[in-house]
Amino acid sequence: MSELTGAVLRVQLGRLAAQTEQRERRHEKLAAALSGIPGIIPQGRDERCTVNPHYMTMFVLDPGELGGLDRDTVAHALLAEGIPAFGGNPAIHRTEAFWTARTGDESVEDIARRCPNAERLGHRGLMIPHQVLLGGDQEIDDVVEGVAKVLAELPRSGAGQP
């Protein structure tokens, strides 16, 4: 890291606590509003967690409500609406790096059966980046409105996803 980069980052650290607090408040508003949209399951929060910097606001598409609606199709439609959104990361057992150092004879599907939450997030999770949470109430309202619009307008195939 250069001296200039270090100086800029040091100044930014002075803003971290206020930005974390703002993201916490905006995340609560966004998660509450998203939970009112059929087919959306916002990320939960462990009661032991006292501070969450909310680098991402995550939610999962409910296949029971949304039929065959694909997560990536939703993400692309949200981007077309001007809403920054992208699919979650694949389950770690579905990455090449996981298998370079693995031991044992288990297959991807063996591990997938033992990790249903990782599978669910990897297939149906969507993320909204933290920059949205650093905006105002209007930005949160715009995201909620855009998600509701996209889910109402996209066609369904009727098939569920894993």
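When reading the values below, keep in mind they use all heavy atoms of this one structure, side chains included, and skip hydrogens, waters and symmetry mates. Worth saying up front: this structure is predicted, and the values here are computed from it rather than measured.
- Residue-environment remark: CD (Glu24) exceeds the threshold of 12 foreign heavy atoms within 6.0 Å.
- Among pairs with a residue in residues 54-66, none fulfils salt bridge (Lys or Arg N to Asp or Glu O under 4.0 Å), at least two apart in sequence or across chains.
- When the side chains of ILVMFWY residues are joined at heavy-atom separations under 4.5 Å, either directly or via intervening members, Ile111 and Ile92 end up in a single hydrophobic cluster.
- Arg156 places a side-chain N or O within donor-acceptor distance of the main-chain N or O of Leu154, the cut-off being under 3.5 Å.
- In this structure, Arg113 CZ and Glu106 CD are separated by 9.0 Å, a value rounded to the nearest 0.5 Å.
- With sequence neighbours excluded, the residues satisfying side chain to side chain donor-acceptor pair (under 3.5 Å) with Asp141 are Lys29.
- Between Arg25 and Glu21 there is a salt bridge, since a side-chain N of the basic residue sits under 4.0 Å from a carboxylate O of the acidic one.
- In terms of heavy atoms, Ser35 sits closest to Ala32 at OG-O, 2.7 Å.
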Please table the atom pairs, donor to acceptor, closer than 3.5 Å between any side-chain atom in residues 76-88 and protein atoms at least two apart or in another chain.
| unit_1 | atom_1 | unit_2 | atom_2 | d |
| --- | --- | --- | --- | --- |
| Glu81 | OE1 | Lys149 | NZ | 3.3 |
| Glu81 | OE2 | Lys149 | NZ | 3.2 |

Trace of the side-chain contact (heavy atoms from CB on, under 4.5 Å) decision for His123 with Arg94: CA-CA 11 Å; His123 289 290; Arg94 295 204 178 270; 4.3 Å; yes
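- Asn52 and His54 make their closest contact through OD1-N, 2.8 Å (heavy atoms, listed as atom of the first residue, atom of the second, distance).
- A side-chain donor from one of Glu119 and His93 sits under 3.5 Å from a side-chain acceptor of the other.
- When all heavy atoms of Ile128 and Val132 are compared, the closest pair comes out as CG2-CG2, 3.7 Å.
- In this structure the side chain of Met58 reaches within 4.5 angstrom of the side chain of Met127, judged on heavy atoms.
- The two residues Gly39 and Leu66 come nearest to each other via the heavy atoms O-CD1, 3.4 Å.
- More than 12 heavy atoms of other shown residues, nucleotides or ligands fall within 6.0 angstrom of atom CD in Gln131.
- Although no hydrogens or angles enter the test, the distance criterion places no donor-acceptor pair under 3.5 Å between the side chain of Thr5 and the main chain of Met1.
- No single ILVMFWY cluster, assembled from side-chain heavy atoms under 4.5 Å apart, contains both Leu126 and Leu121.
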Starting from the C-alpha separation in whole Å, work towards a yes-or-no answer on side-chain contact (heavy atoms from CB on, under 4.5 Å) for Glu28 and Arg23. CA-CA 8 Å; Glu28 288 174 12; Arg23 286 192 304 263; over 6 Å; no
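- For Leu134, the CG atom counts as densely surrounded, since its 6.0 Å shell holds more than 12 non-hydrogen atoms of other residues, nucleotides or ligands.
- The closest donor-acceptor contact from the side chain of Arg124 to the backbone of Leu61 lies under 3.5 Å.
- Distance check, rounded to the nearest 0.5 Å: NE2 of His27 to CD of Gln22 gives 14.0 Å.
- One distance of note links CD1 of Ile140 with CG of Leu30; it measures 5.0 Å at 0.5 Å rounding.
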Please step through side-chain contact (heavy atoms from CB on, under 4.5 Å) for the pair Phe98 and Val108, ending with a clear verdict. CA-CA 10 Å; Phe98 179 84; Val108 171; over 6 Å; no
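- Summarising the geometry, atom OH belonging to Tyr55 is positioned 13.5 Å from atom OG1 belonging to Thr20; distances are rounded to the nearest 0.5 Å.
- Without hydrogens or angle criteria, Arg71 side chain to Gly122 main chain gives a donor-acceptor distance under 3.5 Å.
- Clustering ILVMFWY residues whenever any of their side-chain heavy atoms sit less than 4.5 angstrom apart, transitively, puts Ile40 in the very cluster that holds Leu69.
- Rounding to the nearest 0.5 Å gives a distance of 10.0 Å between CG of Leu151 and CD of Glu153.
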Let me see the working for Thr57 and Leu133 under side-chain contact (heavy atoms from CB on, under 4.5 Å), right down to the final yes or no. CA-CA 8 Å; Thr57 292; Leu133 301 175; 3.4 Å; yes
